[in-house]
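Handing you a structure now.
Chain naming here is simple, since letters A, B, ... match the order of the sequence lines and numbering starts at 1 in each.
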Amino acid sequence: MAMWLMKSEPEEFSIEALAKVAREPWSGVRNYQARNFMRDAMRKGDKVLFYHSNCAQPGVVGIAEVASAAYPDPTQFDPDSEYYDPKSTPSAPRWLLVDIAFVRQLKRVITLDEIRNQAGQLGDFALIRRGNRLSVMPVSASQYQHILALEHAA
DNA sequence: GCCAACGTTGGC
DNA sequence: GCCAACGTTGGC
């Protein structure tokens with residue numbers, strides 16, 4: 001089983017919103033590297049660190065899991081969607097997504113600051129690489145455990 | 001709201 | 001295939 005970190009802007013779709021709906025198609029990813037992770041490497045049951053970005057307190061706020069195989073993102077075909085991609089066609093869809101299911105909300109936010117402070121133990125980690133903008137990225141098992149262990153740390 | 005960093009686009 | 005221009009991300 002692999003682990004991932006997925007970013008979401010809480011004003012767009014927060015961990016509370018995921019808790020409410022239980023399951024959500026992860027639409028709107030328009031970055032090839034992020035798409036490739038979903039298309040080629042994600043498996044049902046993989047664990048996901050749910051991260052709030054572009055907000056007052058960026059950090060990991062919950063746990064989710066991959067709930068489907070990859071399939072075409074329907075918003076790419078919808079002219080009324082902000083994610084509409086006129087260059088994509090149903091016979092050759094450019095953008096794929098997976099469904100994400102709520103597992104639990106963390107007792108507190110594990111902030112980006114705290115995660116940065118663990119850089120030594122975490123090793124190479126896309127989230128804290130300079131200038132990183134990926135919204136879907138792999139997390140190793142030890143990184144996953146290390147980050148979650150911070151939830152109950154002082 | 002600012003802006004550094006980065007990905008994508010398109011002219012050549 | 002290069003690379004300048006442009007748009008977006010996301011921390012601050």
Quick one about A/D99 and A/Y71 (side-chain donor to acceptor, distance below 3.5 Å, no hydrogens or angles considered), yes or no?
yes
Between CD of A/E11 and P of C/dT9 the distance, given in whole Å, is 14 Å
Of the listed B/dG10, C/dG10, B/dA5, the closest approach to the A/K7 side chain comes from C/dG10
| message | With no hydrogens and no angle check, just 3.5 Å: does a side-chain donor-acceptor pair link A/Q76 and A/S88? | response | yes
- Short side-chain N/O contact from A/Y51 to OP1 or OP2 of C/dG11, under 4.0 Å: yes
Rounded to whole Å, the CZ-P distance (A/R129 to C/dG11) equals 16 Å
Between OH of A/Y32 and P of C/dG7 the distance, given in whole Å, is 18 Å
Closest to the side chain of A/N31, out of B/dA5, C/dG11, B/dG7, is B/dG7
Here the distance between atom C1' of C/dC12 and atom CG of A/N54, to the nearest Å, is 11 Å
Testing C/dG10, B/dA5, B/dT8 for proximity to the side chain of A/R130, the answer is B/dA5
On DNA chain B, more 5' by nearest nucleotide between A/G131 and A/R94 is A/G131
Of A/K87 and A/N132, the one whose closest nucleotide on DNA chain B sits nearer the 5' end is A/N132
note: A/R30, atom CZ; B/dT8, atom P; distance rounded to Å ~ 13 Å
From CD1 of A/I128 across to P of C/dT9 the rounded distance in Å is 22 Å
Taking the ring centre of each residue, are A/F77 and A/W95 less than 6.0 Å apart?
no
A/D113 atom CG is separated from C/dG11 atom C1', nearest whole Å, by 10 Å
- Task: On the 0 to 90° scale, with breaks at 30° and 60°, tag the A/F13-A/W26 ring pair as parallel, tilted or perpendicular.
- Result: perpendicular
### Query
Less than 4.0 Å between a side-chain N and a carboxylate O, is that true for A/R108 and A/E114?
yes
To the nearest angstrom, the CD1-P distance between A/I115 and C/dG11 comes to 10 Å
